[in-house]
There are 2 protein chains.
Amino acid sequence: MEQTTSRTVDEVLSLLRSRGGRITAARRQLLEALFASTAHRTAEDLASEVQSLAPEIHLSTVYRNLDELERLGVIVHTHLGHGPAIYHLAGSAHGHLVCEQCGKAVEAPDRLFSGLSSEALARFGFRIDPRHFAVLGRCRDCSP
Amino acid sequence: MEQTTSRTVDEVLSLLRSRGGRITAARRQLLEALFASTAHRTAEDLASEVQSLAPEIHLSTVYRNLDELERLGVIVHTHLGHGPAIYHLAGSAHGHLVCEQCGKAVEAPDRLFSGLSSEALARFGFRIDPRHFAVLGRCRDCSP
DNA sequence: TTAAATGCAAAGAATTTGCATAACA
DNA sequence: TGTTATGCAAATTCTTTGCATTTAA
């Protein structure tokens with residue numbers, strides 16, 4: 001698993017390199033953090049993780065690199081209603097059901113959106129991207 | 001139409017009153033603005049409209065009254081991905097398809113979400129509220 | 001008269017930007 | 001050596017809060 005992770009981090013760094021970017025400690029650390037878990041993490045969360053190993057890496061650097069990685073298609077971010085955006089590797093991205101009451105976020109499989117996708121496309125020519133937004137509502141525990 | 005609008009504004013003011021609230025100029029103006037159009041308006045937009053008639057009404061008062069009206073169920077707010085929330089009368093609320101590219105927001109009829117609603121309920125016990133979040137994606141004009 | 005609402009200023013959260021310095025290639 | 005990226009501080013955007021004052025009832 002170490003190997004897989006490292007190989008993929010290096011692949012992304014090569015991609016960055018091939019686009020004229022540079023391989024820096026901040027980028028490597030951030031990618032290691034992104035590949036290390038599929039948890040729902042904000043820019044601050046990721047900065048904290050990175051800073052536990054390299055405290056000098058600044059939050060603004062993390063934001064800039066997250067932007068860059070998103071432009072490259074390596075990651076996507078999702079707005080969970082209120083509050084900060086969360087970031088995922090593009091490969092492990094998924095939809096979210098977020099409870100307006102307790103705030104809990106549940107992962108939603110893509111097929112949950114297949115009906116909505118095809119209807120939105122047919123009726124409005126609109127291609128939805130279920131990984132970029134959160135579906136708000138009430139979870140089982142918070143339903144009246 | 002004037003009459004209808006006024007009557008409904010007054011109804012909401014009565015509701016407020018019945019809950020121990022007070023009928024103020026700021027609240028009346030804000031409600032007039034809310035009833036006057038179904039456009040997608042932010043707190044700032046609404047404040048500007050209100051301020052064109054009563055310049056002393058402060059943005060923070062608008063925010064406080066929007067919160068209050070939402071607590072009463074008179075309005076709902078929606079997060080359109082990035083940027084500020086928009087507010088609608090609860091009766092005329094609807095879902096939104098928001099283009100990530102050009103930012104344009106299209107109203108989505110509730111029935112677009114009926115499949116997603118029943119699946120989310122069946123599989124996750126989750127009751128979605130399609131009016132509280134925006135569906136992000138690409139509109140026809142911005143599709144590749 | 002008195003609790004509720006307002007105006008204003010200031011704080012807060014999340015994110016972005018300007019700029020001098022550092023460091024990859 | 002010449003960009004590119006970083007650190008830091010400051011600015012931005014959206015929203016909330018504290019507090020003294022006003023006002024509806």
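- Scanning both residues, T78(B) and R131(B), for their nearest heavy atoms gives OG1-O, 2.7 Å.
- A donor-acceptor pair is defined here as one N or O able to donate and one able to accept, closer than 3.5 Å; such a pair exists between the side chain of S118(B) and the backbone of S114(B).
- Note on A85(A): only backbone sugar-phosphate atoms sit closer than 4.0 angstrom, heavy atoms only; bases stay farther off.
- Protein atom CG of D67(A) is 10 Å distant from nucleotide atom P of dT15(C), rounded to whole Å.
- Counting heavy-atom neighbours within 6.0 Å of E70(A) CD, excluding the residue itself, gives a total above 12.
- Rounded to whole angstrom, the span from the CD1 atom of I57(A) across to the C1' atom of dA22(C) amounts to 14 Å.
- Here the C1' atom of nucleotide dT6(C) and the CG atom of L30(B) are 14 Å apart, to the nearest Å.
- In terms of position along DNA chain C, the nucleotide closest to T61(B) lies nearer the 5' end than the nucleotide closest to the other residue of the pair Y87(A) and T61(B).
- Along DNA chain D, the stretch of nucleotides lying under 4.0 Å from any heavy atom of chain B spans, 5' to 3', dC14(D) to dA25(D).
- Comment: E49(A) engages R41(A) in a salt bridge, judged by a side-chain N to carboxylate O separation of less than 4.0 angstrom.
- The backbone N or O of I23(A) lies less than 3.5 Å from no partner atom in the side chain of R28(A), so there is not a single donor-acceptor pair.
- Rounded to whole Å, atom P of dT16(C) lies 13 Å from atom CG of N65(A).
- In this structure, the ring-ring contact (aromatic ring centres under 6.0 Å, His included) partners of H94(B), at least two apart in sequence or on a different chain, are H40(B), H88(B), H96(B).
- As rounded to whole Å, 11 Å separates atom P of dG7(C) from atom CD of Q29(B).
- When all heavy atoms are compared, the tightest approach of C139(A) to C99(A) is N-SG, 3.5 Å.
- Nearest-nucleotide mapping onto DNA chain D: of Y63(B) and H58(A), the residue sitting toward the 5' end is H58(A).
- Near DNA chain D, meaning a heavy atom under 4.0 Å away, there are no residues from residues 95-105 of chain B.
- Under the 4.5 Å side-chain contact rule for hydrophobic residues, L13(B) and L15(B) share a cluster.
- In this structure, Q51(A) contributes its side chain and I57(A) its backbone to a donor-acceptor pair below 3.5 Å.
- As rounded to whole Å, 15 Å separates atom C1' of dA4(C) from atom CG of L69(B).
- A donor-acceptor pair under 3.5 Å is absent between the side-chain atoms of E100(A) and the main chain of R138(A), judged by distance alone.
- As judged by a 4.0 angstrom heavy-atom cut-off over every strand, E56(A) is placed among residues touching the sugar-phosphate backbone only.
- Residue L66(A) contributes atom CG, which lies 16 Å from atom C1' of dT17(C) at whole-angstrom precision.
- Closest to the R22(A) side chain, of the nucleotides dA5(C), dT15(C), dA25(C), is dA25(C).
- Computed from coordinates, the L59(B) CG to dG12(C) P distance equals 19 Å when rounded to whole Å.
- Between R64(A) and dT16(C) there is no side-chain polar atom (N or O) within less than 4.0 angstrom of OP1 or OP2.
- Within 4.0 Å (heavy atoms only), S60(B) reaches at least one base atom of the nucleic acid.
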